[in-house]
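Let me begin by presenting the structure, written as structure tokens, before commenting on it.
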Amino acid sequence: MTSVCDLTATELARAIARGELSSRDAVEAHLARIADLDTQLAAFVTVDAEGARRAAEICDAAPAPIGPLHGVPIGIKDLTDTGGLTTTYGSALFRDHVPAEDDLVVARLRRAGAIILGKTNTPEFGFGAVCTNRLRGPTRNPFDPVLTSGGSSGGSAVAVAAGMVPLAHGTDFGGSVRTPASFCDVASIRPTPGRVPAPRRPLGWDMLATHGFLARGVDDLELALSVCGGSDAHDPLSAGIVSDDRAIAGRPRIAVTPDFGVAPVARDVRARFAAACEALARVVDLVPSSPDCGGAIETFRTLRAAHIANSYGDLLKTRRAELTPTVIWNIEAGAKLSAEDYLNAERRRTAIYRSFRQLFTRADFMVAPAASVLPWPNEISDVTAIDSALLETPIDYLAVTFIVSLVGFPVLTLPAPRGVDELPFGIQIIAPPGCESRLFAFGRIIENELGFSHRRPPL
């Protein structure tokens, strides 16, 4: 039998709007699921049961639905401020930090009627391959609790996969919604940078990091983006986005690349990706092709290191003993970079972006693996080698996702069809900037017709 926790956010919102279910019933069902499973899975850092119940009472007392997410329980990644609710950024330094106000994305979710059940787990400041920190974790994969859920939106991915919430917020710098989505058999969207504004971002023109969402299906991702998108005067990126909703005529043309020509990707992932492409070939025309991504790995390393050193360098000077080794490594990696290093990286980034643009003159979408490896044990903190080949740095296993972050193209991640005994694995579907509606339309087709869809974990 289908329980309340098996319903999607879209189905829940519809049932509540029709009076078939109360907001309080939806909240209580999901709080019970959290109480039942989260001791084992550690998806949440903070659960705000009483706050969620108060919000549900407001929804149930309203004469009409407050918004498209009226009464729907959600989770917010603990990197993002929630007014009046503890926000730790995954760090013991902020264990008692309670922001005065919501981040804009949270405010828009609340205005749409969503009810925040709590804050989902993340590595300290979002830096880590395993979703753990000194406050909580590791967040365990619901398909095999020995394995990682992925960083850094692992808490959100597990909460969605395990039915603790139907929809969760995440953030994505180098793959932080896409990797956990792949590992936990859920869908995710990393939208065009600026689509969901971040008006408090110190570097207003920085497009490496974005807000995103994780859910069990495409409809919920589109719903979340519809209520959180829209420009904000204080985010310069948000002003320049032009939506492209044109439908694709005939069979879509898909550029297929297992590695962008440069990313290290495990043999078992290549095999799973080939099988996914074989399934896609039933409804699309596949063309093996990749943009020129030469130098992309070095470029991302440089830009990422510079951003992290700029954001957290002072903490390293004053609170080093309280930071995790992963955060220390990340800050130190950017300490010796020069302005010339940074600008040369931006120059190469521009060339890669233009190569992506050129590829999309002959393809409607590009498809690539959503992770370079399958989930590994939580006890292994970093991916240091792939198929026995050593990686130069601990972030290189993310190249298959961070290359897309470099150029700022929107990405829909969907679970690939798999055998009963196979671990989850997802694909990235990439489109030109502003084409999220096109992504969602195509995603629905392969979700419904080809089985690129979530499968419940054996909990």
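Nothing fancy with the numbering, it's 1 onward along the sequence.
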Charged N-O contact under 4.0 Å between [X] and [Y]:
X      : Y      : value
Arg108 : Asp102 : no
Arg136 : Asp38  : yes
Arg267 : Asp387 : yes
Asp364 : Arg253 : yes
Lys336 : Asp341 : no
Arg282 : Glu449 : no
Arg320 : Glu332 : yes
Asp259 : Arg270 : yes
Glu298 : Arg348 : no

What verdict does the side chain to side chain contact (heavy atoms under 4.5 Å, CB included) test give for Ser311 and Phe125, after you've listed the backbone C-alpha separation in whole Å, the side-chain angles of each residue and the deciding distance to 0.1 Å? CA-CA 10 Å; Ser311 297; Phe125 304 126; over 6 Å; no
Indicate yes or no for a side-chain donor-acceptor contact from [X] to the backbone of [Y] under 3.5 Å, with no hydrogens or angles considered.
X      : Y      : value
Thr179 : Ala371 : no
Arg438 : Phe365 : no
Glu447 : Val218 : yes
Thr8   : Glu11  : yes
His454 : Asp185 : yes
Ser238 : Asp232 : yes
Ser231 : Ala239 : no
Ser355 : Ile352 : no
Gln428 : Val400 : yes
Ser243 : Asp245 : no

Would you say the side chains of Lys77 and Ser156 form a donor-acceptor pair under 3.5 Å? no
Pairing donors with acceptors under 3.5 angstrom, does anything connect the side chains of Ser176 and Thr171? no
Take Thr413 and Val177, measure what side chain to side chain contact (heavy atoms under 4.5 Å, CB included) needs, and give me the verdict at the end. CA-CA 9 Å; Thr413 299; Val177 298; over 6 Å; no
How long is the straight-line distance from [atom2] of [Y] back to [atom1] of [X], given to the nearest 0.5 Å?
X      : Y      : atom1 : atom2 : result
Arg349 : Thr299 : CZ    : OG1   : 9.5 Å
Thr210 : Arg190 : OG1   : CZ    : 4.0 Å
Leu359 : Asp292 : CG    : CG    : 11.0 Å
Leu214 : Leu221 : CG    : CG    : 7.5 Å
Ser405 : Leu208 : OG    : CG    : 7.0 Å
Cys293 : Ile403 : SG    : CD1   : 4.5 Å

Quick one: are [X] and [Y] in side-chain contact, heavy atoms under 4.5 Å?
X      : Y      : answer
Pro166 : Arg216 : yes
Thr393 : Trp329 : yes
Arg140 : Val158 : no
Leu414 : Ser453 : no
Ile331 : Phe127 : no
Phe183 : Ser149 : no
Pro433 : Arg357 : yes
Val284 : Phe442 : yes

Hey, which of Thr324, Asn121, Asp78 is the one that makes side chain to side chain donor-acceptor pair (under 3.5 Å) with Asn133? Asn121
Return yes when atom [atom1] of [X] has more than 12 non-hydrogen atoms of other residues, nucleotides or ligands closer than 6.0 Å, and no otherwise.
X      : atom1 : answer
Arg347 : CZ    : no
Arg354 : CZ    : no
Arg251 : CZ    : yes
Glu322 : CD    : yes

What are the two closest heavy atoms between [X] and [Y], and how far apart are they?
X      : Y      : value
Pro457 : Ala162 : CG-CA, 4.4 Å
Arg178 : Val404 : NH1-CB, 3.7 Å
Pro138 : Asn378 : CB-OD1, 3.5 Å
Ile297 : Pro264 : CD1-CD, 4.2 Å
Leu459 : Pro142 : CD2-O, 3.6 Å
Met164 : Leu41  : CE-CD1, 3.7 Å

Taking it one step at a time, do Phe409 and Tyr353 satisfy ring-ring contact (aromatic ring centres under 6.0 Å, His included)? CA-CA 9 Å; Phe409 283 43; Tyr353 171 88; 5.7 Å; yes
Evaluation steps, side chain to side chain contact (heavy atoms under 4.5 Å, CB included), between Asn310 and His307: CA-CA 5 Å; Asn310 179 263; His307 281 264; 5.8 Å; no
In terms of the angle between their ring planes, are Phe402 and Phe300 parallel, tilted or perpendicular, with boundaries placed at 30° and 60°? parallel
Evaluate the side chain to side chain contact (heavy atoms under 4.5 Å, CB included) criterion for residues Phe273 and Val256: first the C-alpha distance (whole Å), next the side-chain angles of each, then the deciding distance (0.1 Å), finally the verdict. CA-CA 10 Å; Phe273 181 65; Val256 174; 3.6 Å; yes
